[in-house]
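A short write-up of the structure that comes next.
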Amino acid sequence: MSLKVKEMLESERPRERLLDCGVENLSNEELLSILLKSGTKDKNVKELSIEVLTKVGNISNLKEVKVESLKEIKGIGQVKAIELVATIELGRRIFLKNKKNNKKKLVNAKDIWLETRYLFFDKKQEYFYALYFNNKQELIDKKMLFKGTINKSVVHPREVFKEAYLLSASSIICMHNHPSGDVCPSSEDLFFTKTLYEIGKIQNIKVLDHIIVSNDTYYSFFENGNIF
């Protein structure tokens, strides 16, 4: 039978090691053990942590883990699963410094891609975002307006401009990903971008660019002369 954490030497207990050695010196399984708090009668919390890490395959995959997937592991009920998913999301937000009140000036497609690529990284579906700017080209906010299938994203222009009015935005940059990795625009992308641009001229809210992204690169309609 596995040793319970309280039966381990103090120098081996995750919480005590955090205090003695510093959080940055704990292993992934030790950090996860602290979050999970307890194991089962058949396995201690460190063994349960190893099982979770084995299931996801790679520590980076934890960012995508779902409650139902975690509940498939014996020893993780709904409460533990929810707490773990919430903790991961909180850590992601802190790391990415996603502060709405911190207006950042973004003036070119590469800067925008680098600033927002985490939104699309390793996504298996298409995500469509609109970024809203004030008249100083400072980012006011970003909104995810649609999540689609692996090869199709459908969003209505009115949703894009509705948020612009609510935020009193002066301009918009649209972004979406191609999970295939090929960032060349489709005929639908070209038509949709032209439609947005024309509506923006009428509404006096300029559409500055539409950026298609993958993990490794991007395509800017503005840089390629497909938006004026």
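Residues satisfying the salt bridge (Lys or Arg N to Asp or Glu O under 4.0 Å) criterion with Lys74, sequence neighbours excluded, are Asp42. The side-chain hydrogen bond (donor to acceptor under 3.5 Å, both in side chains) check on Lys55 picks up Glu72, with sequence neighbours excluded. In terms of the side-chain hydrogen bond (donor to acceptor under 3.5 Å, both in side chains) criterion, Asn61 has no residue partners (sequence neighbours excluded). Partners of Val79 under the side-chain contact (heavy atoms from CB on, under 4.5 Å) rule, at least two apart in sequence or in another chain, are Glu83. Every residue two or more places apart in sequence or in another chain that forms a side-chain contact (heavy atoms from CB on, under 4.5 Å) with Val183 is listed here: Ile212, Ser214, Thr217, Tyr219. By the side-chain hydrogen bond (donor to acceptor under 3.5 Å, both in side chains) test, Ser38 pairs with Lys80, sequence neighbours left out. Annotation: side-chain contact (heavy atoms from CB on, under 4.5 Å) contacts of Thr87 (sequence neighbours excluded): Leu35. Every residue two or more places apart in sequence or in another chain that forms a ring pair (Phe, Tyr, Trp, His ring centres under 6.0 Å) with Phe120 is listed here: Tyr129. Every residue meeting the side-chain hydrogen bond (donor to acceptor under 3.5 Å, both in side chains) condition with Glu30, not counting sequence neighbours, appears here in chain and number order: Arg17, Ser27. The side-chain contact (heavy atoms from CB on, under 4.5 Å) check on Ile82 picks up Val67, Gln78, with sequence neighbours excluded.
Using bins of under 30°, 30° to 60° and over 60° for the plane-to-plane angle, the ring pair His210/Phe192 lands in the perpendicular bin.
For Ala109 against Tyr218, the heavy-atom pair with the smallest separation is CB-CE1, 3.6 Å. Shortest non-hydrogen contact noted between Lys123 and Pro179 is O-CB, 3.8 Å. Heavy-atom minimum distance, Ser171 versus Asn134: OG-O, 4.4 Å. The two residues Val160 and Cys174 make their nearest non-hydrogen contact at CG1-SG, 4.3 Å. Considering every non-hydrogen atom in both Ile76 and Ala81, the closest pair reads CG2-N, 3.8 Å. The two atoms that bring Ala130 and Ile172 nearest to each other are CB-CG2, 4.3 Å, heavy atoms only.
Expressed to the nearest 0.5 Å, how far CZ of Arg117 lies from NZ of Lys110 amounts to 10.0 Å. Atoms CD and CG, on Glu138 and Leu106 in that order, are 9.5 Å from each other to the nearest 0.5 Å. Rounding to the nearest 0.5 Å places OG of Ser33 at 6.5 Å from NZ of Lys46. Taking CG from Asn135 and NZ from Lys206, the interatomic distance works out to 13.5 Å, rounded to the nearest 0.5 Å. Rounding to the nearest 0.5 Å places CD1 of Ile50 at 4.0 Å from CD of Glu29. Note that the CD1 atom of Ile112 and the CD1 atom of Ile173 stand 3.5 Å from one another [nearest 0.5 Å].
Every pair passing salt bridge (Lys or Arg N to Asp or Glu O under 4.0 Å) that includes a residue from residues 157-167 is listed here, sequence neighbours excluded: Glu159-Lys162. A salt bridge (Lys or Arg N to Asp or Glu O under 4.0 Å) check over residues 164-190, counting only residues at least two apart or in different chains, returns nothing.
The shortest side-chain heavy-atom distance between Phe222 and Ile211 does not fall under the 4.5 Å cut-off. Residues His176 and Phe146 form no side-chain contact, since every pair of their non-hydrogen atoms from C-beta on lies 4.5 Å or further apart. Inter-residue side-chain proximity for Met175 and Leu119 is flagged as unmet; no heavy-atom pair is nearer than 4.5 Å.
Residues Ile88 and Leu48 share a single hydrophobic cluster, defined by chaining ILVMFWY side chains whose heavy atoms lie under 4.5 Å apart. Phe121 is not connected to Ile59 by any chain of hydrophobic side-chain contacts under 4.5 Å among Ile, Leu, Val, Met, Phe, Trp and Tyr, and they are in different clusters. A continuous path of ILVMFWY side-chain contacts below 4.5 Å connects Leu62 to Ile73, so both sit in one hydrophobic cluster. Put simply, Leu70 and Leu31 are part of two different groups of oily side chains (I, L, V, M, F, W, Y) that touch within less than 4.5 Å, one to the next. Residues Leu166 and Ile199 fall into different hydrophobic clusters, defined by Ile, Leu, Val, Met, Phe, Trp and Tyr side chains chained together at heavy-atom separations under 4.5 Å.
Judged purely by atom type and a 3.5 angstrom limit, Asn177 uses its side chain to pair as donor or acceptor with the backbone of Tyr127. For Asn215 (side chain) and Asp122 (main-chain N/O), a donor-acceptor pair under 3.5 Å exists by modelled atom type. At distances below 3.5 Å, not a single donor-acceptor pair connects side-chain atoms of Asn224 with backbone N or O atoms of Asn226. No side-chain donor-acceptor contact under 3.5 Å links Asp209 to the backbone of Ser220.
Heavy-atom neighbours of Asn25 CG from other residues, nucleotides or ligands within 6.0 Å: above the threshold of 12. Atom NZ of Lys194 has 12 or fewer heavy atoms from other residues, nucleotides or ligands within 6.0 Å.
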For a side-chain contact (heavy atoms from CB on, under 4.5 Å) check, start with the C-alpha distance between Thr40 and Lys43, then their side-chain angles and the critical distance, and finish with the verdict. CA-CA 5 Å; Thr40 70; Lys43 53 192 171 189; 3.3 Å; yes
